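Taking it in order: structure first as structure tokens, then the write-up.
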There are 2 protein chains.
Amino acid sequence: MSTLRYALLCTLHAGPLTGYEIVQRMRRPIGYYWTAQQSQIYPELARMTEDGLIDHDAAAGPGPHDRKTHRLTEAGRTELARWLTEPPQRRPPKDELVLKTYALAAADRDGMRALYRGEARKHQAQLDDYLAQQADAEARGDDDPAGPRFGAYATLRMGIAAERTMVDWCDWLVSQLGR
Amino acid sequence: MSTLRYALLCTLHAGPLTGYEIVQRMRRPIGYYWTAQQSQIYPELARMTEDGLIDHDAAAGPGPHDRKTHRLTEAGRTELARWLTEPPQRRPPKDELVLKTYALAAADRDGMRALYRGEARKHQAQLDDYLAQQADAEARGDDDPAGPRFGAYATLRMGIAAERTMVDWCDWLVSQLGR
DNA sequence: CGATACATGTAAAGTGTTACATGATTTA
DNA sequence: TAAATCATGTAACACTTTACATGTATCG
């Protein structure tokens, strides 16, 4: 079972969705910590249906294909619950900005300073977006650990903490590289 | 030009290395923010040599192949310097633990609490390792922004900040899921 | 004498991205 | 009427992982 499969099971955990809606979730909010392309999602949904993890209602769609609303089967729900409490397998972190930093000495100093200033700005913008989402979530009561949307709220908290860390680190580098 | 190529250029920025030594660096310290398998590295080094980004001295090796010590060419160094100050392309973050968190409501509550407790412990261990490395680095004077090893030191700082963020987030989740 | 480190490579399978293809309905 | 949204799919290519393959030198 690939992680993509589990990501799709996660996407469907709170209720049925069409493939198209799953693609949307893979941008926001799930795209903040997992992504998959449309061209990966549709064939995988078909294979998961074959394997009995999900099933769907089909209805005439706008284009040449049926519109399918997918939902977890009992088998899918069981498999998801089993996987969730398993320790995640450490996958290679790949961060281009940190990679660039390792070879910092081989670059133009002022150019690198400008780079970190720009990245600090981008991460600050993302942080502001998350902060606004957090305020909305708390207004809805999503921060209740017993509520059904606490999981999404907790991921937001991680996003906020990670962006703050990036902003601080970039700012520190700007100050270190300053004259 | 794939990012793998730039990662290899970064690895060689401070001096010549054999393929085998590059593989070691891809575990520690570069592996903390970038990885590649041996089977990816050797063919890519060959292609980069063909393209004039690197060259090497060859000497009889222990096995059936020559031992090659790779170094950047002038063209490679120029290309690296150009790339370094370019804004990194945002690649999809993929974090299995955060993905699991999104679907937290579909799992056993105590099981999830145990998961976050275990992950907090693992990240704390990694943090302690980084902290020890930081002390060594500072004793060597690597924290001098004008020194040649400041880049590696700065990546360590990011690692420390990121691990601390993870530990805090896991601890927060344990407390939220507690009775 | 068995395991580990040194040292380089190839083959096959799996995963992910980009591009293509169709076509109705709604919005500017 | 042009663009965006809804909706599903395939093909080709690129990238990554796992496994295989060879062989010396050193350490316990």
Side-chain angles (χ1 to χ4, degrees), chain A residues 1-8 11-12 16-28 30-31 33-51 54-70 89-96 99, chain B residues 1-8 11-12 16-28 30-31 33-51 54-70 89-96 99:
Chain A
M1 293 264 300
S2 65
T3 309
L4 174 59
R5 278 196 165 200
Y6 291 112
L8 293 173
T11 313
L12 292 170
L17 295 171
T18 66
Y20 189 82
E21 287 168 324
I22 293 175
V23 172
Q24 310 307 302
R25 299 294 193 290
M26 283 288 169
R27 285 189 234 280
R28 201 174 96 92
I30 298 177
Y33 42 88
W34 202 269
T35 52
Q37 302 296 315
Q38 203 189 29
S39 59
Q40 251 186 307
I41 292 169
Y42 284 108
E44 190 64 36
L45 287 171
R47 267 171 271 149
M48 289 167 74
T49 304
E50 256 182 64
D51 295 346
I54 56 177
D55 61 8
H56 59 258
D57 294 327
H65 306 283
D66 274 359
R67 176 180 193 273
K68 293 165 190 165
T69 305
H70 305 273
Q89 50 175 120
R90 280 201 199 291
R91 64 180 51 240
K94 295 203 168 180
D95 191 314
E96 242 182 60
L99 177 61
Chain B
M1 291 266 300
S2 65
T3 310
L4 173 59
R5 278 194 164 202
Y6 291 111
L8 293 173
T11 311
L12 291 171
L17 295 171
T18 66
Y20 189 82
E21 288 168 323
I22 293 175
V23 172
Q24 309 307 304
R25 299 293 193 289
M26 282 291 171
R27 286 189 232 281
R28 200 172 97 90
I30 298 178
Y33 43 89
W34 202 268
T35 53
Q37 302 297 315
Q38 204 190 27
S39 58
Q40 252 187 304
I41 292 170
Y42 284 108
E44 189 65 36
L45 287 171
R47 267 171 269 148
M48 289 166 74
T49 304
E50 256 183 62
D51 294 347
I54 57 177
D55 60 10
H56 59 259
D57 293 327
H65 306 284
D66 274 358
R67 176 181 193 272
K68 293 165 190 165
T69 305
H70 305 273
Q89 49 174 119
R90 278 199 200 293
R91 67 181 48 242
K94 294 203 168 180
D95 190 313
E96 242 182 60
L99 177 62

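Protein chains get the first letters and strands the later ones, always in sequence-line order, with residue 1 at the start of each. No experiment lies behind these values; they were computed from the predicted model shown.
A salt bridge is absent between Arg47(B) and Glu50(B); no separation between the charged side-chain nitrogens and carboxylate oxygens falls under 4.0 Å.
Distances shorter than 4.0 Å separate none of the side-chain N or O atoms of Tyr20(A) from OP1 or OP2 on dT8(D). Taking only side-chain nitrogens and oxygens, Gln40(B) comes nearer than 4.0 Å to OP1 or OP2 of dT16(D).
Within 4.0 Å of Gly61(A), counting heavy atoms only, lies no atom of the nucleic acid at all. Ser2(A) comes within 4.0 angstrom of sugar-phosphate atoms only, judged by non-hydrogen atoms across all strands, and of no base. Counting any heavy atom pair closer than 4.0 Å across all strands shown, Thr35(A) reaches no nucleic acid atom.
Taking atom NE2 on His65(B) and atom C1' on dT24(D), their separation rounds to 13 Å, with Å as the unit. With rounding to whole Å, Gln37(A) atom CD is found 18 Å from dA11(D) atom P. In this structure, Trp34(B) atom CH2 and dT17(D) atom C1' are separated by 15 Å, rounded to whole Å. The separation between Gln38(B) atom CD and dT17(D) atom C1' is 12 Å, rounded to whole Å.
Taking the nucleotide of DNA chain D with the nearest heavy atom to each of Pro43(A) and Gly63(B), the more 5' of the two is matched to Pro43(A).
Protein chain A contacts DNA chain C from dT15(C) to dA24(C), reading 5' to 3' and using non-hydrogen atoms of the protein with a distance under 4.0 Å.
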